[in-house]
Amino acid sequence: MKKITFILLLLTATITTAQQLYVEGGKTMSSFNFKNSQGNTLANLQASAHSFMAIGYRNPVLFDKMYASLGASYAGYGAIGSTDAVGNFMEWDTNYLEVNVGADYEFYTYKNFTFYAKTALSLGFFLQGVQTFNNKVIDLKNSDLDKVSLDFRTGLGFSHPISENLSFYAQYVHGKTFDSASGNEKLRIKSNNVGFGLLIDISNKYY
């Protein structure tokens, strides 16, 4: 009984001192790395710009200045390219619903600015997408992009308090999916995200 009481008190202390919600939006520069079954890459692919939105929950774990987060995001990815030899034009535009699990560590504070390093895993579920090939638009449903993707991300950011219960943050995150394709073909999505968000302290609601 004493152990149960202690655990409940510990959980209550965590809840009443540290709960945060985050809301974030920003831009993604993404590109594809594709290899066919012969090991040849698709040349002349360039990054393209897309938007993302994210919401989630953040809470301290393990030790001081270490935080864990759990959230969801709606994100766009794509690429653009051409084949000079035959004059082909190609463009991809896709959207995913993602479940994100991450951790960040606040390693330096200067005045009211707190700097942190971040790492995360993201599980992406294909929602919809199209490929434009010259003047033809192709639905990407049931293609190599219509799969669950696993993305590993790392980045840096900083936060700054606006009020007692509200902080602003900005961060840069680089990500790359694990291989996702059919047979001997390989496809990876690379992304560079710049995001801006708000951290909302909800701890006071539990007092």
| Residues in side chain to side chain donor-acceptor pair (under 3.5 Å) with Tyr172, at least two apart? | Asn192
| request: Give, for atom CD1 of Ile55 and atom CG of Leu21, the distance between the pair rounded to the nearest 0.5 Å. | output: 9.0 Å
| request: Using the side-chain contact (heavy atoms from CB on, under 4.5 Å) rule, take Phe126 and Asn95 through it: C-alpha gap first, then chi angles, then the decisive distance, then the call. | output: CA-CA 6 Å; Phe126 180 87; Asn95 291 291; over 6 Å; no
| Who pairs with Glu24 by salt bridge (charged side-chain N to carboxylate O under 4.0 Å, His left out), at least two apart in sequence or on another chain? | none
| message | Rounded at 0.5 Å granularity, tell me how far NZ in Lys190 sits from CG in Leu45. | response | 9.5 Å
| query | Just how far is it from atom CG of Leu127 to atom OG1 of Thr94, taken to the nearest 0.5 Å? | reply | 9.5 Å
| field | Ile162 reachable from Phe196 in the ILVMFWY side-chain graph, under 4.5 Å edges | value | yes
| said: Give me the atom names and distance for the closest heavy-atom approach of Tyr67 to Gln20. | reply: CE2-OE1, 4.4 Å
| query | Under a single-linkage definition using a 4.5 Å side-chain heavy-atom cutoff for Ile, Leu, Val, Met, Phe, Trp and Tyr, are Phe168 and Val194 assigned to the same hydrophobic cluster? | reply | yes
| said: Would a single hydrophobic cluster contain both Tyr77 and Met90, if residues Ile, Leu, Val, Met, Phe, Trp and Tyr are joined by side-chain heavy-atom contacts under 4.5 Å? | reply: yes
| query | With sequence neighbours left out, what residues match Tyr108 under side chain to side chain contact (heavy atoms under 4.5 Å, CB included)? | reply | Tyr110, Phe115
| If you group Ile, Leu, Val, Met, Phe, Trp and Tyr whenever their side-chain heavy atoms sit less than 4.5 Å apart, what else falls in with Leu199? | Tyr22, Tyr116, Tyr169
| message | Restricting to non-hydrogen atoms, name the atom on Gly124 and the atom on Tyr96 that form the minimum distance, rounded to 0.1 Å. | response | C-CD2, 4.0 Å
| message | Contact between Asn88 and Asn134 at the side-chain level, heavy atoms closer than 4.5 Å - yes or no? | response | yes
| request: Give, for atom NZ of Lys147 and atom CG of Asn142, the distance between the pair rounded to the nearest 0.5 Å. | output: 10.5 Å
| field | Spatial distance of atom CG (Leu123) from atom CG (Asp151) [nearest 0.5 Å] | value | 10.0 Å
| Apart from Val130 itself, what residues make up its hydrophobic cluster when side-chain heavy atoms of I, L, V, M, F, W and Y under 4.5 Å apart count as a link, directly or indirectly? | Val137
| query | If we only count heavy atoms from C-beta on, is the Ser73 to Met53 side-chain gap below 4.5 Å? | reply | no
| task | Enter the distance from Tyr105:OH to Asp64:CG here, rounded to the nearest 0.5 Å. | result | 7.5 Å
| Summary of side-chain hydrogen bond (donor to acceptor under 3.5 Å, both in side chains) pairs that have at least one residue in residues 118-128, sequence neighbours excluded | Asn100-Ser122
| message | The criterion is side chain to side chain donor-acceptor pair (under 3.5 Å); which residues satisfy it with Ser69, sequence neighbours excluded? | response | none
| task | Please confirm whether the backbone N or O of Arg153 pairs with a side-chain atom of His174, one donor and one acceptor, at under 3.5 Å? | result | no
| remark: Here the pair of heavy atoms bringing Asp146 nearest to Leu140 is CB-O, 3.6 Å
| query | Under a single-linkage definition using a 4.5 Å side-chain heavy-atom cutoff for Ile, Leu, Val, Met, Phe, Trp and Tyr, are Leu198 and Tyr57 assigned to the same hydrophobic cluster? | reply | yes
| field | Hydrophobic cluster identity match, Leu97 and Phe52, side-chain contacts under 4.5 Å | value | no
| Partners of Phe113 by ring-ring contact (aromatic ring centres under 6.0 Å, His included), sequence neighbours excluded? | Phe158, His160
| field | For Phe32 against Gly78, the heavy-atom pair lying closest together | value | CZ-CA, 3.8 Å
| field | Residues that Ser51 engages under side chain to side chain donor-acceptor pair (under 3.5 Å), provided they are two or more places apart | value | Lys27
| task | Please report the shortest heavy-atom distance between Ser149 and Thr177, naming the atom on each side. | result | CB-CG2, 4.3 Å
| query | Quick one: salt bridge (charged side-chain N to carboxylate O under 4.0 Å, His left out) partners of Asp104, sequence neighbours excluded? | reply | Arg58
| request: Quick one: closest heavy-atom pair of Ala79 and Ser48, and the distance? | output: N-OG, 3.3 Å
| Residues in side chain to side chain donor-acceptor pair (under 3.5 Å) with Gln131, at least two apart? | none
| request: Could you please spell out the steps behind the side-chain contact (heavy atoms from CB on, under 4.5 Å) verdict for His50 and Asp93? | output: CA-CA 9 Å; His50 299 264; Asp93 187 1; 3.4 Å; yes
| request: Determine, stepwise, if the pair Ile80 / Trp92 fulfils side-chain contact (heavy atoms from CB on, under 4.5 Å). | output: CA-CA 6 Å; Ile80 189 170; Trp92 292 263; over 6 Å; no
| Remaining members of hydrophobic cluster (4.5 Å side-chain criterion), Met29 | none
| Any donor-acceptor pair under 3.5 Å linking the side chain of Asp139 with the backbone of Lys141? | yes
| task | Go through Thr114 and Glu106 one step at a time and tell me if the side chain to side chain donor-acceptor pair (under 3.5 Å) criterion holds. | result | CA-CA 7 Å; Thr114 299; Glu106 298 177 345; 5.1 Å; no
